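Note that this is a predicted model, so its numbers are computed, not measured. What's counted below: heavy atoms across the whole structure, side chains too, no hydrogens, waters or symmetry copies.
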Amino acid sequence: MEFIFELQSSSNISYQRSSTTTSPDRYIDPKCLDFREALSFLNEGTKVDSAYYVPLLQKCIDTYSASEAQIIHTHIIKTGAHEDTYLMTFLLNVYSKCGVMDYAHGVFDKLSVKNVVTRTALIAGYVRNSQPELAIEVFNELLEAGAYPTNYTLAAVLSACSSLYNIKMGKQIHGYIIKYQLESDISIGNSICSLYSKCNCFDYAVKSFGRIPEKNVISWTTMISACGDNGEAQKGLDIFVEMLSENCEPNEFTVTSILSLCCVLQALEFGKQVHSMSIKLGCLSNPPVKNSIMYLYLRSGKTDEAQKMFNAMETVSLVTWNSMIAGYAQMTDIEKDVVTAQHTGTEALNIFLKLSRSSMKPDFFTFSSILTVCSSLVASTQGEQIHAQAIKTGFLSDIVVGSALVNMYNKCGDIEGATKAFVEMPTRTVISWTSMITGYAQHGRPQQALQLFEDMTLAGERPNKITFVGVFSACSHAGLVDEAMRYFKMMKKQYKIKPVMEHFACLIDMFVRLGRLQDAFDFIKKMNFEPNEFIWSILIAGCRSHGNLELGFYAAEHLLELKPKDSETYVLLLNMYLSAARWKDVSKVRRMMKDEKLGKLKDWSSISMKDKVRSFKPDDRSDTHSPEMYALLNDLLDKAKNLGYVSQKSLEMADEEEKGKTFSSVVHHSEKLAVAYGLLKVPSGASIRVLKSISMCRDCHNLIKHISALTGREIIIRDSKRLHQFNNGHCSCGDFGSLL
DNA sequence: CGCTCATAAT
């Protein structure tokens, strides 16, 4: 049987070297048979042409099989074919494409002839396998050897510079390219464009793109994703349209880039058109394309659509899982809508659970997304389990995962857990320092927060404006006016950070807590900002607490001028006017709420148990344990009264319209029910953690302080504005803030 | 002869 090599057109190998070995009398087409059969043929000791190995090696690339390549490698040595530089370059490339650079380098070391091509292959290998430093090293060796880089070499080296964000070296290479007039090479032009984009030189990227004489699909795709990377999403879509008008056909890479832009722009309709275009182009079967479409639907709120695609997917990669988890995780912003946050957060946790049960291993993307979900839901039980998993899989050392963990424990009100996670981080960033400083401040440990700030600056880390929000918040908790002013100066003078509204809010909060209302007002006059809703709210809450109604009314007038966009702010005003029996103002505020089309406050609390998230509305009786919960609450209420708790007639939670009903006591706000549920269901000794959609009211705050003392349980409630850690009758918030 | 450039997410 005679065998003639016939390479498939799809294959990018062309190997037609004239044979120096003896022609074998029997050949089996390695493409048509299985690997072992082809090898046993070799094992018979038949002398074969070097070219015989090529399709076998190609198969190793296709199946990403380094071990099979090794077996062939052994045969190559046995038959003496390793003297063939071309074959060995190919083998080097096989190892590189199978992700084993050690083997690839081994092949390189044994080469008798090391030329530009073999070195380029090695450089490209290191670039491909995320070792750009080594790629540069080999490039330097190439130069030292006196060789001239080819356009292949230069493209690969430019890519290494991109990965290292080394714009300096990139520019040197660019200079070389200009000098040798290689700029018109498409691959080089594309690489240059990509380099400038990755190094945040968007203008240069645009210019480089313009200088590519004959743009191909890669050029266009590079430019489009450059727009995405540099926050020019709309421009990316425009360039895509231009690309189509130039009759350049997009491929799967272009489609994924465009879909990513559609996510950023929330351009669902455009995305849908790209969806149908990808069908016409025949690239819908491409897994990344499918992923991107699914993710776009998810991010656009079309969860059913996304879920359908997810369920129907035949190749589910880790990226697919991560996309689903991240997509849901991004919808867990409780400041927007708690109900949605609950639902999507639970969904993300479910998907993570399924992933954990599959054979796939979560990576740092998965961990950081899912930890965000735990933070949002105050789900520390799940968070702890995920922490354990991160340790097991070795992703704990990742800096993003570490910060996400610190953040999770802080948001869940577990300051000990946060401290431990923080200490265990191998390296800390300004983000993790800041998270921890803010954590201490929120947990009512201002001294530790300030100490940590000192540690941070001593460690040489530069604080940013958010760090200072944490610092001021700590000063505010501790009433450290002089310290606060010192830090305020330090921020402006030493760190050249311009004060923003959040800073002023903390400082004003500090004066208010101390009862220095006039100082707070003076401070407002001194700052060159118009106070926002939040600042007026702090003042009004403070005026109520300190019984200074005149200043309160004054602040209220200013607040009303701003036409607040937040229902809670109106309720705060309403309560102030109600308690002063200023009925005219009450109806005025009510009218404004109607005009602004602001709905009622959605009082909503949830508690994350081991296996589920349980949610409660006010006066909720939907749980099977409701009778026990209400009995427990009544019992605690009686006991609290004996300890001096006076049930404040609960004021408006914006539910009641009629004046008569206004002072009716709404006994069972949602967090009371969630706490009761927790007392019954959470193992004794463990803390009870509750998430609440709006600010706690004073009455609930008061009662829960007593409950914490009566039951000896730590109760943590994170509401829409702050964290409350109740222990032995005290709360970490210091009883101040915008309590309704 | 062999080696190159571009994609989805936190």
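Each of dA6(B), dT4(B), dC5(B) was ranked by its minimum atom distance to the side chain of Ala124(A); first place goes to dT4(B). With dA9(B), dC5(B), dT7(B) as the candidates, the nucleotide lying closest to the side chain of Tyr295(A) is dA9(B). In this structure, of dT7(B), dT10(B), dC5(B), it is dT7(B) that holds the atom nearest to the side chain of Pro288(A). Comparing dG2(B), dC5(B), dA6(B) by their nearest atom to the side chain of Thr85(A) picks out dG2(B). Side chain of Phe253(A), nearest nucleotide from dA9(B), dT10(B), dA6(B): dA6(B). Set against dA9(B), dA6(B), dC3(B), the side chain of Phe365(A) has dA9(B) as its closest nucleotide. When distances are taken from the side chain of Thr222(A) to each of dA6(B), dT7(B), dT4(B), the shortest belongs to dA6(B). Looking at the side chain of Ser260(A), the nearest of the listed nucleotides dA8(B), dT10(B), dT4(B) is dA8(B). The listed nucleotides are dA8(B), dG2(B), dA9(B); the one nearest the side chain of Asn322(A) is dA9(B). When each of dA6(B), dC5(B), dA9(B) is scored by its nearest atom to the side-chain atoms of Ser323(A), the top-ranked nucleotide is dA9(B).
A side-chain donor-acceptor contact under 3.5 Å links Thr438(A) to the backbone of Thr434(A). In this structure, Asn230(A) contributes its side chain and Glu232(A) its backbone to no donor-acceptor pair below 3.5 Å.
Using a 4.0 Å heavy-atom cutoff across all strands shown, Asp185(A) reaches no nucleic acid atom at all. If you check every strand for non-hydrogen atoms under 4.0 Å, Asn216(A) touches nothing.
Rounding to whole angstrom units, CD1 of residue Ile293(A) and P of dA9(B) are separated by 13 Å. Across the protein-nucleic acid pair, Asp229(A) atom CG and dT7(B) atom C1' stand 10 Å apart, rounded to whole Å. For Phe240(A) and dA6(B), the CZ to P distance is 20 Å, given to the nearest whole Å. In this structure, Met309(A) places its CE atom 12 Å from C1' of dA8(B), rounding to the nearest Å. Atom CD in Glu252(A) sits roughly 12 Å away from atom C1' in dA8(B) (whole-Å rounding). Nucleotide dC5(B) holds its P atom 15 Å from the CD1 atom of Ile212(A), rounded to whole Å. Rounded to whole Å, atom P of dA8(B) lies 12 Å from atom CG of Asn286(A). In this entry the distance linking CD1 of Ile188(A) with P of dA6(B) reads 13 Å, nearest Å.
Counting heavy-atom neighbours within 6.0 Å of Ile466(A) CD1, excluding the residue itself, gives a total of 12 or less.
Across Glu305(A), Lys302(A), Gln307(A), His275(A), a single residue satisfies side chain to side chain donor-acceptor pair (under 3.5 Å) together with Tyr297(A), and that is His275(A).
Ion pair Lys290(A)/Glu314(A) flagged as a salt bridge, since at least one NZ, NE, NH1 or NH2 atom sits closer than 4.0 Å to an Asp/Glu carboxylate oxygen.
In terms of phosphate contacts, Lys198(A) brings a side-chain nitrogen or oxygen within less than 4.0 Å of OP1 or OP2 of dT7(B). Between Asn93(A) and dG2(B) there is no side-chain N or O to OP1 or OP2 distance below 4.0 Å. Taking only side-chain nitrogens and oxygens, Arg128(A) never comes nearer than 4.0 Å to OP1 or OP2 of dC3(B).
Taking the six-membered ring for Trp, His73(A) and Tyr95(A) have ring centres closer than 6.0 Å.
Judged by centroid separation below 5.5 Å and plane tilt below 30°, Tyr152(A) stacks onto the base of dC3(B).
One N or O donor and one acceptor, one from the side chain of Thr256(A) and one from the base of dT7(B), sit under 3.5 Å apart.
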